[in-house]
Amino acid sequence: MPYTIKQAAEIMNVTPTTLRYYDKQGLLPFMERKESGYRIFSEEDLAMLRVIECLKKSGMPIKDIRQFSKWVQMGDDSLQERYEMFLDRKRTVEAQIAELQETLDFINHKCWYYETAIEAGTEKIHFKEQSDKLPCE
């Protein structure tokens, strides 16, 4: 079933401007247009948009996503390159998760610190402990 840009934007929860930008950046090279120039989105285009959104969320630059789109067009000849790209993205996201986990651990410690200080009516209860166990601030 073909979709208009408005319908595709609603399905993807992005703006039509975002889809136009992706098109201008060469991320949707196989997207069709009507004779009037209006973009027509297929199910395959929506699947590609889902991949693009995932890669964007992972922090991948547009130029690398464009390269991925070119590899997709090449078909099976680029399977290894696409696989390696996703392995690299996986390592990047895992590092981001580890960094965020450290941040969350620190925030959780501070929540505990202030919660117990509030219950005690003073943060002095932590001063002896703090010198030995305080994570870097």
Side-chain angles (χ1 to χ4, degrees):
M1 173 178 167
Y3 301 95
T4 65
I5 194 167
K6 182 179 178 186
Q7 291 168 325
E10 287 174 3
I11 291 168
M12 296 304 303
N13 199 29
V14 297
T15 65
T17 302
T18 298
L19 297 181
R20 287 185 197 95
Y21 174 75
Y22 290 167
D23 184 28
K24 288 178 185 173
Q25 292 300 311
L27 305 184
L28 300 168
F30 24 78
M31 187 183 58
E32 294 182 35
R33 289 181 182 261
K34 291 183 177 182
E35 284 182 26
S36 61
Y38 288 111
R39 293 166 180 88
I40 302 171
F41 292 82
S42 67
E43 292 294 335
E44 291 80 19
D45 294 326
L46 294 180
M48 185 62 167
L49 286 168
R50 287 183 190 95
V51 174
I52 291 168
E53 283 297 303
C54 177
L55 294 174
K56 276 192 63 210
K57 286 178 185 176
S58 78
M60 181 179 276
I62 292 291
K63 68 178 183 64
D64 294 341
I65 298 173
R66 185 181 308 112
Q67 180 60 58
F68 174 77
S69 290
K70 289 177 184 176
W71 284 335
V72 168
Q73 281 188 292
M74 291 171 59
D76 290 347
D77 291 342
S78 66
L79 287 173
Q80 186 66 41
E81 289 86 354
R82 289 184 273 162
Y83 173 65
E84 288 171 11
M85 177 179 269
F86 272 92
L87 283 178
D88 183 55
R89 213 36 17 207
K90 180 181 179 222
R91 286 188 290 270
T92 299
V93 170
E94 288 171 343
Q96 291 169 339
I97 289 170
E99 188 175 315
L100 285 170
Q101 186 61 56
E102 287 178 21
T103 302
L104 181 59
D105 291 345
F106 180 77
I107 289 170
N108 282 333
H109 171 78
K110 285 302 200 179
C111 288
W112 166 83
Y113 175 94
Y114 290 113
E115 180 181 19
T116 56
I118 289 167
E119 287 173 3
T122 180
E123 67 181 312
K124 290 179 182 173
I125 64 168
H126 296 297
F127 288 167
K128 181 181 175 194
E129 278 182 32
Q130 197 173 25
S131 63
D132 296 334
K133 299 182 183 177
L134 182 67
C136 55
E137 292 192 56

Visitor: Name all residues meeting the side-chain contact (heavy atoms from CB on, under 4.5 Å) criterion together with E43; count only those two or more places apart in sequence or in a different chain, and write none if there are none.
Guide: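 Partners of E43 under the side-chain contact (heavy atoms from CB on, under 4.5 Å) test: Y3, L46.
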
Visitor: Mind checking side-chain hydrogen bond (donor to acceptor under 3.5 Å, both in side chains) for Q73 and listing every partner two or more places apart, or none if nothing turns up?
Guide: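 Once residues adjacent in sequence are excluded, Q73 has no partner under the side-chain hydrogen bond (donor to acceptor under 3.5 Å, both in side chains) criterion.
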
Visitor: Test of understanding: with ring-ring contact (aromatic ring centres under 6.0 Å, His included), list the residues that count as partners of F68, not counting sequence neighbours.
Guide: F86

Visitor: Q25: what forms a side-chain contact (heavy atoms from CB on, under 4.5 Å) with it, not counting sequence neighbours?
Guide: Y21, L27, I62, R66

Visitor: Among all residues two or more places apart in sequence or in another chain, which pass the side-chain contact (heavy atoms from CB on, under 4.5 Å) test with E81?
Guide: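 Testing E81 for side-chain contact (heavy atoms from CB on, under 4.5 Å), a comparison that skips the adjacent residues, returns W71, S78.
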
Visitor: With sequence neighbours excluded, what pairs up with D105 under the side-chain hydrogen bond (donor to acceptor under 3.5 Å, both in side chains) test?
Guide: Q101

Visitor: Does a side-chain heavy-atom distance below 4.5 Å link E10 with K6?
Guide: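 Answer yes - side chains close enough.
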
Visitor: Using the test salt bridge (charged side-chain N to carboxylate O under 4.0 Å, His left out), find all partners of E94 that sit at least two apart in sequence or belong to another chain.
Guide: K90

Visitor: With sequence neighbours left out, write down each residue that passes salt bridge (charged side-chain N to carboxylate O under 4.0 Å, His left out) with K56, or none if nothing qualifies.
Guide: none

Visitor: Who are the side-chain contact (heavy atoms from CB on, under 4.5 Å) partners of Q96, not counting sequence neighbours?
Guide: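 Partners of Q96 by the side-chain contact (heavy atoms from CB on, under 4.5 Å) criterion, ordered by chain and then number, come out as T92, V93.
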
Visitor: For the residue pair K124 and F127, would you count it as a cation-pi contact if the rule is NZ or CZ under 6.0 angstrom from the ring centre and within 45 degrees of the ring axis?
Guide: no

Visitor: Tell me every residue that passes side-chain hydrogen bond (donor to acceptor under 3.5 Å, both in side chains) with S69, counting only those two or more places apart in sequence or in another chain.
Guide: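 Once residues adjacent in sequence are excluded, S69 has no partner under the side-chain hydrogen bond (donor to acceptor under 3.5 Å, both in side chains) criterion.
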
Visitor: Quick one: list whatever passes side-chain hydrogen bond (donor to acceptor under 3.5 Å, both in side chains) with E115, sequence neighbours left out.
Guide: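 For E115 there are no side-chain hydrogen bond (donor to acceptor under 3.5 Å, both in side chains) partners, ignoring immediate neighbours.
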
Visitor: Got a sec, which residues hit salt bridge (charged side-chain N to carboxylate O under 4.0 Å, His left out) with D23, two or more places apart in sequence or on another chain?
Guide: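 Applying salt bridge (charged side-chain N to carboxylate O under 4.0 Å, His left out) to D23 gives R33, R39.
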
Visitor: Could you tell me if the side chain of L28 sits less than 4.5 Å from the side chain of F41, heavy atoms only?
Guide: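 The answer is yes; the side chains approach within 4.5 Å.
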
